[in-house]
Amino acid sequence: MTRLVTAQIKDIPTTMKDYDQQLQQITGCSLFELANYAVEASYQQQDLAAKKAAVIPVTAGEGLIEGFSEAVMAILEFIGFEALITDQPDLGGLDQAYQLGADIALMADDDTFLAWNLANRKWANNDRATAKGYVAALNKTSGGLTAKSVLVLGLGSVGVESVKALNEQGVSSIGVCDLNVEKMERIKKEFGPSIELIKDLTYGLQKYDLIIEATPAAEIIRADDVDQKTVIAAPGIPLGLSARAVTKIEQGLIHDPLQLGVAVMGLEVL
Ligand code: 2YH
């Protein structure tokens, strides 16, 4: 699993407005609208103002990532929550979150990033939320997914959750591509005939225009693999497209390190 690094997230607090404008240009939806769409809700931003979200730094494993809690807090504030970072990390932070009357708590270690509602027990996992957010973004950017075909690159947990979310959107077929053939076969067994195993990436990229790029690999999608019809929703870190591929598809790329997943988590636990 990819662990975020400070360079990828440090600018999030100062660039949320630009991020949101760019997302609107590509998908037609703001971050808040997309998160609502992903969780099939219709919250208003003012509904969130009365909700206190506590981000609790976690020192377990490889420890704190400088700027991580600040980035999560900035995203939550941007979509309307009252957000704070606890002074203490770990369980001391959870203790503080309860004492401050927080409605929602968020904590991430090296493998798992969770949000949970301290009152109603709802919880959200970042991998599932990220998959839902990117499938929603692909849906909006491509004018709907019903009866369309989508290629999912990478069957880590975000990729697998993307297959599940796409299946619920009524797509006609899902291509899956992973270096591990057993993972592809497991997905085929679970989801049946709508799954196409793609063992040759170049062939898959030629065949499919709509792509979820959920791999930890860089530069696996080259300029020759994309055209004006290509739409890529890319939760993968780092981005799997070459710089020339990014320039070529212009308005057909959705990619961020944290924003969509965190916004979906926030609304999912309300
Ligand atoms: O970046 C990560 C993991 N890859 C979680 C991925 C879930 N999709 N975790 C962040 C760790 C943050 C750190 N413990 C802190 O600063 O609190």
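Note that ligands are numbered from 1 as they come in the structure, with each ligand's atoms numbered from 1 the same way.
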Using a heavy-atom cut-off of under 4.0 Å, does the side chain or the backbone of [X] touch ligand 1, or both, or neither?
X: Thr130; value: neither
X: Thr59; value: neither
X: Val158; value: neither
X: Val58; value: both

Which of the ligand 1 atoms, numbered from 1, are nearer than 4.0 Å to a heavy atom of [X]:
X: Arg3; answer: 1 (O), 4 (N)
X: Gly63; answer: 13 (C), 14 (N)
X: Pro57; answer: 17 (O)
X: Asp127; answer: 7 (C), 8 (N)
X: Ile65; answer: 10 (C), 11 (C), 12 (C), 13 (C), 15 (C), 16 (O)
X: Leu4; answer: 1 (O)

Please indicate whether any nitrogen or oxygen in [X] is less than 3.5 Å from any nitrogen or oxygen in ligand 1.
X: Ser69; value: no
X: Phe113; value: no
X: Thr112; value: no

Q: Given side-chain contact (heavy atoms from CB on, under 4.5 Å), test Ile212 with Leu153 step by step and report yes or no.
A: CA-CA 6 Å; Ile212 301 274; Leu153 301 180; over 6 Å; no

Q. Taking only residues two or more places apart in sequence or in another chain, which ones pass side-chain contact (heavy atoms from CB on, under 4.5 Å) with Glu66?
A. Thr6

Test your reading of the model: is there a side-chain donor-acceptor pair from [X] to the backbone of [Y], 3.5 Å cut-off?
X: Thr112; Y: Ala108; answer: no
X: Asp90; Y: Thr59; answer: yes
X: Lys52; Y: Leu100; answer: yes

(Q) Less than 3.5 Å apart, any donor N or O on the side chain of Glu213 or Thr215 sitting next to an acceptor on the other? (A) yes

Q. Asp95 and Gln99: side-chain donor and acceptor closer than 3.5 Å?
A.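 Distance-only check passes for Asp95 and Gln99.
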
Q. Does ligand 1 have an atom that lies less than 4.0 angstrom from a heavy atom of Gly61?
A.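 So Gly61 does not count as touching ligand 1.
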
(Q) Looking only at the aromatic ring of each residue, does the gap between the centers of Phe32 and Tyr37 stay below 6.0 angstrom? (A)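 Between Tyr37 and Phe32, the centre distance exceeds or equals 6.0 Å.
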
Q) Hey, are the side chains of Leu155 and Val176 touching, using non-hydrogen atoms and a 4.5 Å cut-off? A) yes

